[in-house]
Amino acid sequence: MKLLTLNFLTCAVKTCKTSASSFPLHPRDSELEIVEAEINVQFLQNILPRLMWEELGGLVNELGLPSLPPTAPLPSALVESKLQAPESDTTGLNIEKLEVPSQVARDLHRVLLETCIMSGGLVCGNCGHEYKVLEGVANFLLPAHLV
Amino acid sequence: MPQYLVRLVQMHESFRKAELQSLADLAGVEIVIVKYEEDSPFCIISAPSPKAAKDVISRSILSFGIYELWGHGSDYLALHTSVKESSSHHWPIYKTTPFYFTLDSYRGTRTEAQRRQIIQDFSYLPFTGPIKLKDPSSAIFTIFEDYALGAEAPHYLYLGRLLGSSSRHLKTMYDLKKRHYISTTSMDAELALLTANLALAGPGKIFYDPFMGTGGFPIACAEFGAYVFGSDIDARTIRGTGGSARKGQTGKMDVEGNFKQYGLQGRYLGSFISDLTNTPLQIPGPDRNIREGQVHEVNSARGGWLDGIICDPPYGVREGLKVLGTRAQLSELERSTHADRYKDSGYIPPKRPYSFTAMLDDILAFAADTLVEGGRLSMWMPTANDEDIELVIPLNRRLEIVSVCVQPFNKWSRRLLTYRRLREEEVTLADVVADDVVKTENEKGARADDLNDFRRRYFEGFKESERTRQEQFGSSSTPDTENAGDPKGGWDGALKDIFRKESPK
Ligand SMILES: [Zn+2]
């Protein structure tokens with residue numbers, strides 16, 4: 001599971017949903033893996049307003065990954081202009097202004113879409129229940145006493 | 001606005017207009033359906049420009065291509081008159097370009113000599129360029145003949161210039177027969193891709209399937225550029241240790257492997273095991289706590305976050321539907337037994353029966369809570385043709401029905417329902433409360449048989465519905481989509497070479 005999914009996951013126990021401490025779930029004994037993927041700025045710009053920035057920052061720190069900036073970047077900060085000749089131009093004289101993913105976008109992509117939790121647990125900060133992750137798949141089925 | 005001819009497939013008829021309209025929404029193009037008949041694969045639309053028309057069809061599953069309409073009429077005399085009257089302003093553009101003529105007779109056949117004569121009759125067009133089929137700069141013209149079933153002569157004709165082809169080749173590319181990992185309930189590729197179109201899956205969006213099975217819907221959405229994830233109550237389905245429906249298949253087969261097969265793993269966010277009634281996903285929107293019909297708490301700090309949800313919920317035919325929980329309240333002793341034992345590796349959480357209607361209402365409520373404004377839910381559900389046993393289309397006051405499409409089978413049929421999440425200003429608090437009352441009613445459960453009408457009727461054999469269906473549809477319609485397309489239709493074989501993708505027989 002890519003780290004981005006943790007932005008949308010909380011405790012499955014109904015009574016926990018209303019408690020702020022049920023989000024985000026806290027990774028325990030996580031085995032992480034980097035799986036490279038093509039960057040897509042359009043997607044990053046689309047989900048940026050849906051990210052719980054502060055909580056994601058906390059998660060990243062818990063996992064010991066490089067910290068996120070303290071405040072969420074603006075969608076416009078995800079691209080930067082670069083001057084270069086198009087590939088078809090061999091003379092190098094026709095310089096074009098190209099929009100390319102910025103360093104901020106590449107960092108965000110690395111954390112949210114290339115960092116995957118392969119195994120470990122996800123723990124609710126409210127009830128303490130731990131959901132197991134096996135082969136990258138988390139199990140949120142609740143035992144009978146928690147339904 | 002100029003008019004264009006869409007060459008539709010003659011199958012899944014009730015989905016065709018819904019797809020056209022959705023594709024227009026996706027492309028941000030305003031179209032008007034000028035001429036459409038359920039019994040014909042030819043449809044005329046108007047659109048602002050040739051590029052807009054081409055954009056609309058480029059993602060279509062239920063059409064082959066779109067044409068600039070040069071003329072039409074009920075016989076060849078009328079067609080030639082129409083071509084001369086309405087298309088002469090185009091003629092100079094193609095004076096010297098390479099060109100090619102083809103004939104597409106739907107439900108009719110022509111001899112080679114007739115075909116040559118029909119094309120010859122257009123020689124008044126002042127084209128002097130070379131006749132070339134495979135040149136990418138060639139203008140491809142097609143004469144379309146529409147025959148009534150069993151008729152000797154066509155009753156309507158069109159001439160069009162090809163603007164662009166559809167995405168129907170994806171049906172073959174994603175064919176289940178060639179997929180790494182499938183199950184007996186996997187949705188066929190054509191319908192999964194079509195569902196993704198109706199739900200407006202597109203580049204940069206985020207889509208979710210709460211009953212993902214082997215991942216057919218998320219794969220279709222990812223093909224169209226969406227980022228996807230899913231869940232299922234059955235761990236074995238996702239992890240793939242349950243094996244594949246394919247005979248003799250061995251080794252590790254899982255949902256992730258399917259994404260890898262198509263090179264889509266970069267857009268696969270992941271999947272998890274859960275049950276919709278106890279979802280671990282964030283439920284934003286009004287956080288409601290209804291007691292005695294009063295709303296106690298409203299918290300809409302966080303808005304919807306899903307661009308689309310598509311699913312084919314389980315009908316519970318074989319085992320009855322189940323969700324987590326127990327039929328009766330657990331005693332203190334039972335609770336502590338579960339609390340002691342749930343960490344054991346062999347622990348299986350108990351499940352309770354769940355009604356199909358309650359589940360549909362729950363899906364709608366979930367969609368209303370989690371979709372962004374304008375986001376779509378596309379959901380399959382069974383229906384029965386007999387009025388007496390028809391399942392009601394579920395409603396939610398925060399969702400508006402966009403389209404209802406029906407796929408008939410021999411003994412039953414199913415619907416694809418597509419809803420749009422209304423904007424906040426279109427929804428009142430009273431609507432939210434009313435939806436919660438429905439939900440509360442549904443939670444008073446009973447036995448699976450009482451709850452699940454569909455299941456009971458399934459076992460009763462749909463005797464009534466079968467009779468009704470035959471009266472309604474005749475015996476010609478079959479659910480077997482494999483060979484159902486254009487039984488006698490004729491797309492010029494030459495076009496197959498142009499697209500090198502797929503063309504009807
Ligand atoms: Zn909890």
Side-chain angles (χ1 to χ4, degrees), chain A residues 1-18 20 22-25 35-52 55 109 112-114 116-118 122 124 129-147, chain B residues 203-206 208 225-227 229 231 233 235 238-241 254-256 265-275 277-283 287 289 297 299 302-307 323-326 330 334-343 347-352 370 372:
Chain A
M1 53 195 294
K2 298 191 195 300
L3 218 53
L4 176 62
T5 54
L6 289 189
N7 183 68
F8 305 116
L9 288 168
T10 169
C11 186
V13 177
K14 280 202 177 80
T15 49
C16 283
K17 285 255 195 281
T18 49
S22 68
F23 178 83
L25 298 173
V35 181
E36 298 207 336
E38 202 180 319
I39 189 166
N40 183 326
V41 173
Q42 186 184 11
F43 178 64
L44 291 175
Q45 287 178 330
N46 187 28
I47 58 150
L48 196 56
R50 306 176 197 178
L51 296 180
M52 305 294 273
E55 290 84 349
H109 173 72
L112 299 179
L113 294 155
E114 293 188 324
C116 304
I117 298 186
M118 301 312 291
L122 297 169
C124 171
H129 188 69
E130 177 177 350
Y131 301 97
K132 287 282 179 209
V133 182
L134 258 176
E135 295 170 19
V137 178
N139 187 343
F140 287 97
L141 295 185
L142 294 170
H145 64 289
L146 293 179
V147 172
Chain B
K205 293 184 179 180
I206 182 166
Y208 170 59
Y227 281 70
F229 68 108
S231 60
I233 195 168
I238 296 178
R239 294 209 172 107
T241 46
D254 59 4
V255 175
E256 189 166 9
Q265 65 270 43
R267 296 202 277 268
Y268 176 47
L269 299 174
S271 52
F272 53 85
I273 303 151
S274 83
D275 149 22
T277 57
N278 291 281
T279 180
L281 290 171
Q282 288 266 17
I283 304 296
D287 188 334
N289 217 339
E297 203 183 329
N299 164 25
R302 189 177 161 152
W305 53 275
L306 282 168
D307 293 298
V323 289
L324 289 180
T326 47
L330 291 179
E334 286 167 324
R335 290 179 65 83
S336 66
T337 314
H338 282 288
D340 288 342
R341 285 183 26 227
Y342 80 90
K343 284 185 179 168
Y347 179 83
I348 297 164
K351 297 186 177 112
R352 65 179 169 86
T370 55
V372 297

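Each chain gets a letter, A, B and so on, in the order the sequences are listed, and its residues count up from 1. These figures come from a predicted structure and were not determined experimentally.
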With rounding to the nearest 0.5 Å, note down the distance linking NZ in Lys17(A) to CD1 in Ile283(B).
6.0 Å
Which label fits His145(A) and Tyr342(B): parallel for a plane angle under 30°, tilted from 30 to 60°, or perpendicular past 60°?
tilted
Parallel, tilted or perpendicular, judged at 30° and 60°: which one describes the rings of Phe140(A) and Phe272(B)?
perpendicular
Could you state the interatomic distance from CZ (Phe43(A)) to NZ (Lys205(B)), rounded to the nearest 0.5 Å?
12.5 Å
Counting only non-hydrogen atoms closer than 4.5 Å, does Leu4(A) touch chain B with its backbone (N, CA, C, O), its side chain (CB onward), both, or neither?
side chain
Under 4.5 Å from any heavy atom of chain A, what part of Val255(B) do you find: side chain, backbone, both or neither?
neither
In terms of heavy-atom pairs under 4.5 Å with chain A, which of Gln265(B), Arg335(B), Arg267(B), Glu256(B) leads?
Arg335(B)
Based on non-hydrogen pairs under 4.5 Å, which of Leu122(A), Val137(A), Val35(A), Val147(A) is most in contact with chain B?
Val137(A)
Leu142(A), part contacting chain B, at a heavy-atom distance under 4.5 Å:
both
Cys16(A): what forms a side-chain contact (heavy atoms from CB on, under 4.5 Å) with it, not counting sequence neighbours?
Cys11(A), Val13(A), Ser22(A), Cys124(A), Asn126(A), Cys127(A)
In terms of heavy-atom proximity below 4.5 Å to chain A, should Asp254(B) be classed as side chain, backbone, both, or neither?
neither
One pair to check against side-chain contact (heavy atoms from CB on, under 4.5 Å): Leu113(A) and Tyr227(B). What are the steps and the verdict?
CA-CA 10 Å; Leu113(A) 294 155; Tyr227(B) 281 70; 4.1 Å; yes
With chain A, which of Gly270(B), Ser274(B), Pro203(B) has the greatest number of heavy-atom pairs at distances under 4.5 Å?
Pro203(B)
Please name all residues satisfying side-chain contact (heavy atoms from CB on, under 4.5 Å) with Pro24(A), sequence neighbours left out, ordered by chain then number.
Glu55(A), Leu59(A)
Interface residue of largest heavy-atom contact number with chain A, from Ile206(B), Asp307(B), Asp275(B), under 4.5 Å:
Asp307(B)
Side chain from CB out, backbone as N, CA, C, O: work out which of these in Glu334(B) comes under 4.5 Å of a heavy atom of chain A, or both, or neither.
neither
Looking at Ala12(A), Pro49(A), Gly136(A), Ala37(A), which one has more heavy-atom pairs under 4.5 Å with chain B than the rest?
Ala12(A)
